[in-house]
Structures are given as structure tokens and as C-alpha cells.
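Here is the structure we will look at.
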Amino acid sequence: MTLEQIFTGGPIRPVVGAPRVEAVLTRGDRIVAVGSLADCEAQSTGHELVDLAGHTMLPGFVDAHTHPLMLGQCASWADLTGAASVDEVVKILREHGNDVPDGESIRGFGYDHHKLGSNDSHPTAADLDRVSETDPVEIMHASGHGYVVNSVSLSNAGITAATPTPDGGRIDRGDDGEPTGVIFDSACDLLTGPDGVKIENHGPNLHLPEEAETLDRMLLLGQQMLNEAGITSVGDCQVTEREMTNWLRCRDHGRLSLRVSMMILSSHLPHLRRLGLSATLGDDLLRIAGVKLYTDGALTAGMAYVPCGCPTNHRPGRLYHDEVEFTELLGAAHELGFQTGTHAQGPEAIQMVIDAIAAAQRRSPRRDVRHRIEHCGFPSEDQIAEMARHEILPVPQPTHVYQYGEGARRDYGEITEGMYPSGRFAAAGIPVVLSSDVPVSMPDVFLAMWAAVTRRTASGKVIGPECAVDRLTALAGYTIEGARALHREHVVGSIEPGKLADFAIVDRDPITCDLDDVPDIGVVQTWLAGAPVG
Ligand SMILES: [Zn+2]
């Protein structure tokens, strides 16, 4: 007989429908009834009771923009997210290197050049040579969009003064033309080895060489970190052959404990087209959801395309494609029947996406496609209105305001006030979706909610208070609206009869607790398909 369970004994927030209910009845992997305890008991044919013990029950969180494999990868490397100087970067890497066998790469993740007291300049190969002069040393920027590598790594990759900078890439050079070790965006293809993942000018290359076994371990670690944060559904927003192979292996070994909607990187568009793949392939656990494209660089790396009117620190940013090429790419994905999600930060980059979507829709009208703009850092008021008109969905990351807001203010000046403006999206009638972009920020749903509501940075400054949203909107952004951004709102994102029994049980009610306690809310248990995870 199929297991029936009644959850009761704490606040239950279904997110859609009644603001709070007393009980939820599940049968197998599905929700059957939501309402009073008496109602649920009346519909039950015999159940087990799950006592919430005063904890709050929410829908399993839906994080519409993540990189789970990269999360596990970065969590396996030296943690540079707190490094406050180049010397500290070197020290952390040396310590980490003690556990790395000779001949293998020493890797770190998450340095932020704004926080190193280096006048916002990146570390260099010479700095990393202090970690090792015999083994490769490679550190990934907090944005995930590039690396600094040491001399061994430069030499292994064959990057010299004579190496041309690839389209859509960045190789920093000294006065003598020699590479300094800073390799960003499409230039990262040079670091992945002859058989590595190559993505040309389709985005940043997150894929340094690794053994399959190591990748399996990393994916499981990333998945576990997401589950522990109460997250049960994600969009994996850059799927190449590497992520695809890993997810399939994970599923075939019965290890999948997340519902994954994969956004295939646009470098694979010709393969999708030749195979005749459509967006509907997959099931409630693992599916192909759409195509991921890039227009400009990472906001948090100072590489968003904002060519004018910025302080001296700022580089002009970078576009991966010119307008014609991008419009063709997005149009091809639209034509195939896919939803698209395009990374765009600066206003020019955002305009390229809006125009490309409008052109694609004029040529081949499709309803309810929900084309997305990932991050959507600095949209103008007019662009927000245009996005509303074309039903384009922005997918921003409020935690970036908290973590990187002050560095962004130095890079981009005044326009930073309008960074990730969820409140202005809401005012224009655009659904508010929140997400993490893990590992660019950690999978911390409540810190993200708090950041969206307060717009506060790590040091307590408030950035663009008019861009804030209220708590209910923030909660919806991580549940039902996240689900809508993935076309999954019929199965997840709220506690409603017929949906999958995915829940996050947390130690405080995020709607009624003290606002400043929201970031400290702990996840007690995560449920997927009617069973606790882990
Ligand atoms: Zn991302």
C-alpha cells in the first residue's frame, strides 16, 4: 500500500492559496490534501503522522539559476572567498597544497579582487609562483568567469606573449606583452587541455580538466549542499557535455536527489538542431529545459558591458557576440522550441537580448515561452517596461548585492543603485524570481530573501532601497516563481494537491520572525517526493 503521511504541528505556508494551513496529506510522492487537520484525516485511508514540532513547513525551494557541479568543484578546492590580501591567498593555497599530491594542480575558488587591498587588481602568475614553481596553480575568480594561473600552468597551456586573445576573451599582459596570469571568459578554453571542454565565445569556461570519479564526487557534494539548504529543484544554467554526462551518471546510479532542469550552453546549438532535440525531453527529475546564452561578462568581475560613464577602475567590459551573431543564436534556439536564458548585465547587453527576443517572436510567434535574462544587473526603466511587454523573465541574485554591492559601486558608480532591481520588476508587473547562481553566492535561501528585502551589503550600506521587495514576494521568488521560470509550476513550487511532495522544514517562520533573524533561519529537513533527503 502506498504510504500516506500527514504533516502538522507547526506553521505550514503553501505559498499559493491560503497563507497558512494546519495540515498536509501526502500519498506516495504526491500531495493529496492541504487544509485543516480534520480535512486531511477525512481524506486519508490510514497514515503516518509527521510532527513538525513547531517548525515551519514550506515548499521545497526552487533555485532557478545554479551550477551544482561547479559548486561541488569549488567546495573541493581551497576556499579563497574570505581572503583579504594576496599574501593570504598564497598562504591558503600553500596550506591546501599540502594535501595535493605532487604533480597535481593546486586549485582555489572565490577570490574577489575588490577585497584584496590591491587597488582592485587581480593576483598574478608571479604571486601564485610563490605557492608552487613546479605544479600548476589555478584560482577561479568569485564570478566563475576566469582564473589567475601560475607560470607552470601558463606554460602547460602554451600561453605566451605570442598567443592571440580569443574573441570574447581576456588575457592580461604586462608592458612586455607577456601574460600576467589573468585569463578570463572565452580565453579559458586555453586552460582545459587538448581533450577538454571547449566553448569558444559562448561563455566562460568553468571546466578545468578532472577525472570522471572526481567529477562524480563533486556533483554529489554540490547536490548535498543544495539539499541541505532546502533546495529540491534547480536550473543548471550552463550544461556542456561535462555536466550532461555527470547528471546522467548520477541518475543512473540512483543518486539524484534534486530535480534538475538543464540549460544547454549555446555552443551545443548545432548539435541540438542536428539531433532534433526538443525542450520537452526528460522527466520530473532530469530534463532538458532550454538553451543558455551569454552576452556580456560578469558583473562581479567588473566585466559587465557598461562602456561609458563609469569610474576609472572600470574596464569597458566585454561582449561575447556582436548583435547579429547573438540575434541569430537566440533566434535558432527559439525556432527549435526552446526557452532561452541569456546572461546579460549592462544595459547594452540587456537591450541585445530584448531585441533578439522581439525579433525571434516576430518571425516565429510562440506563446508562454518565458525567455529569461539571467542576472539582469543594470536594466533601465524603459527596458523593464519592454521586458514586461515581451513577457521576458529576469532571474537576478539578491545575495550578490550583499556580497559584491560595494565592489560593484567602485566599478560601475551610480548605476549600482539599480543593481538587480527586483522591486522595480515587481512594480512593472514582472514576476520576481530569486536565485543564487551557486557557487557565485552560496546556496543560502534565507540570506538571499533577506538581501532582497533589505538591499543591505555586508558592511551594512543600503543599495537602491526602491529595488527591495517584501518577504512574501521574496519567498515566492524562491518557490513558485522559481518554478515558473523553469516551466515546472504544475509540479513544484507550492504545497498544493497534485504536486510533488517536496518540502523544506525550517526552524522559524520567515514571514513572521524578526527581519534580522531571517538570514539565521536553519533548514531542519528537506523532503523530496514524500521522503526525507539524506
Ligand atoms: Zn551562472
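Every number for a ligand or one of its atoms is a count from 1 in the order of the listing. Owing to the predicted nature of the structure, the values given are computational and were not obtained by experimental measurement.
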Stepwise, does the side-chain contact (heavy atoms from CB on, under 4.5 Å) test hold for Phe326 with Leu319?
-> CA-CA 10 Å; Phe326 177 76; Leu319 289 174; over 6 Å; no
Name all residues meeting the salt bridge (charged side-chain N to carboxylate O under 4.0 Å, His left out) criterion together with Glu481; count only those two or more places apart in sequence or in a different chain, and write none if there are none.
-> Arg484
The Zn ion (ligand 1): protein N, O or S atoms [distance under 2.8 Å] = His65 NE2, His67 NE2, Asp437 OD1
Exam field: side chain Lys198 to backbone Gly193, donor-acceptor pair closer than 3.5 Å =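 Pair found, side chain donor or acceptor close to backbone of Gly193.
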Thr327 side chain to Glu323 backbone, donor-acceptor under 3.5 Å |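 Present.
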Leu191 and Leu208, any side-chain heavy atoms less than 4.5 Å apart = yes
Parallel, tilted or perpendicular for His375 and His65, by the 30°/60° rule?
-> tilted
